[in-house]
Amino acid sequence: MARVKRGMTAHARHRKVLTLSKGFRGRSSTCFRPALERLEKSWQYAYRDRKVKKREMRALWIQRINAAVREFGLKYSTFINRLSKAKISIDRKILAKFAVENPEILKNLVSKIQTGNTATDSSEKLAQQALAKRTRTTKKATVEA
């Protein structure tokens, strides 16, 4: 019977792990077992930090909204409460974007909720147009990619 040499898949797996562990410190980049352990730990960190990133971004949006709304004599919690009572549903990401890029829209929203006017006005139309424009650009980017 002919001789069968083995180890092709194991060698390929080891090479793949060592390639992924380039840049690690010490033996973690050159020896298979420590490299695999470090790689698995790095995947745990990446999984955890994807969620932490979302948490931190939401906190940043809230800080930006709070800073912008305080210029009009409101607190963040009061602003969000009055928005919900006025049945205006704009998420925090968009509100933070308005606070940074289009403060006039935010000013219109604040004046709207301070007067208690729940009818649609120019600020809500501007907000809807900005959202529509944003979705069109993301759709174009998706189509191009």
Side-chain angles (χ1 to χ4, degrees), residues 2-114 118 120-145:
R3 178 179 173 212
V4 176
K5 294 178 73 176
R6 302 183 56 179
M8 295 288 287
T9 55
H11 181 68
R13 189 167 62 94
H14 285 211
R15 189 174 61 240
K16 182 171 76 172
V17 166
L18 290 173
T19 303
L20 288 172
S21 66
K22 265 189 177 169
F24 291 176
R25 294 185 68 131
R27 286 176 52 217
S28 298
S29 65
T30 56
C31 298
F32 173 72
R33 179 50 52 191
L36 185 62
E37 291 168 359
R38 280 289 99 210
L39 199 57
E40 288 172 351
K41 190 67 176 179
S42 71
W43 290 335
Q44 289 174 358
Y45 288 141
Y47 177 79
R48 178 197 68 191
D49 290 339
R50 280 194 295 273
K51 282 140 190 58
V52 171
K53 182 181 177 184
K54 292 172 182 62
R55 201 177 312 151
E56 289 174 351
M57 289 306 295
R58 182 181 168 95
L60 178 65
W61 298 332
I62 289 172
Q63 289 169 8
R64 286 180 176 171
I65 295 166
N66 192 18
V69 167
R70 283 191 185 261
E71 293 178 5
F72 304 111
L74 286 174
K75 289 191 282 186
Y76 168 79
S77 58
T78 310
F79 176 68
I80 294 295
N81 184 25
R82 289 184 184 174
L83 273 180
S84 63
K85 283 183 180 175
K87 293 187 174 44
I88 300 172
S89 59
I90 303 174
D91 63 356
R92 285 156 183 81
K93 181 178 181 179
I94 301 301
L95 284 172
K97 190 170 185 148
F98 290 158
V100 172
E101 296 175 6
N102 299 323
E104 65 276 354
I105 294 176
L106 197 67
K107 183 178 180 181
N108 290 341
L109 281 173
V110 169
S111 65
K112 180 179 177 183
I113 63 171
Q114 283 180 337
T118 56
T120 59
D121 66 348
S122 62
S123 64
E124 193 167 311
K125 289 177 184 174
L126 284 171
Q128 290 173 351
Q129 288 172 355
L131 285 172
K133 183 178 178 184
R134 185 170 164 261
T135 54
R136 279 194 301 254
T137 57
T138 53
K139 284 180 184 177
K140 285 180 185 176
T142 316
V143 171
E144 291 172 0

Open item on the list: Determine whether His14 and Leu36 satisfy the following criterion, side chain to side chain contact (heavy atoms under 4.5 Å, CB included), listing intermediate values before the conclusion.
Closed with: CA-CA 9 Å; His14 285 211; Leu36 185 62; over 6 Å; no
Open item on the list: Determine whether Arg82 and Leu74 satisfy the following criterion, side chain to side chain contact (heavy atoms under 4.5 Å, CB included), listing intermediate values before the conclusion.
Closed with: CA-CA 10 Å; Arg82 289 184 184 174; Leu74 286 174; 3.4 Å; yes
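- Between Lys107 atom NZ and Asn102 atom CG the span is 14.0 Å, to the nearest 0.5 Å.
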- [ ] For side chain to side chain contact (heavy atoms under 4.5 Å, CB included), just list the numbers for Ile62 and Ile80, CA-CA rounded to whole Å, side-chain angles, deciding distance to a tenth of an Å, and then say yes or no.
- [x] CA-CA 10 Å; Ile62 289 172; Ile80 294 295; over 6 Å; no
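- Put simply, CZ on Arg38 and SG on Cys31 are 14.0 Å apart, with the number rounded to the nearest 0.5 Å.
- Between the CG atom of Leu109 and the CD atom of Glu104 there is a distance of 11.0 Å, given to the nearest 0.5 Å.
- Summarising the geometry of Leu18 relative to Ser29, their closest heavy-atom pair is CD2-O, 3.8 Å, with the distance given to 0.1 Å.
- Across every non-hydrogen atom of Ala68 and Ala99, the tightest pair is CB-CB, 3.5 Å.
- A distance of 12.0 Å separates CG of Leu60 from NZ of Lys93, quoted to the nearest 0.5 Å.
- In plain terms, the two heavy atoms of Ile113 and Ala86 that are nearest each other are CG2-CB, 4.3 Å.
- For the atom pair CD1 of Ile90 and CD1 of Ile105, the computed distance is 8.5 Å after rounding to the nearest 0.5 Å.
- Lys16 pairs by the side chain to side chain contact (heavy atoms under 4.5 Å, CB included) definition with Leu20, not counting sequence neighbours.
- Inter-residue side-chain proximity for Leu106 and Ile65 is flagged as unmet; no heavy-atom pair is nearer than 4.5 Å.
- Rounded to the nearest 0.5 angstrom, Thr9 OG1 and His11 NE2 are separated by 11.0 Å.
- Legend: ring-ring contact (aromatic ring centres under 6.0 Å, His included) pairs involving residues 62-109, not counting sequence neighbours: none detected.
- The side chain to side chain donor-acceptor pair (under 3.5 Å) analysis of residues 47-68, with sequence neighbours excluded, yields the pairs Asn66-Arg70.
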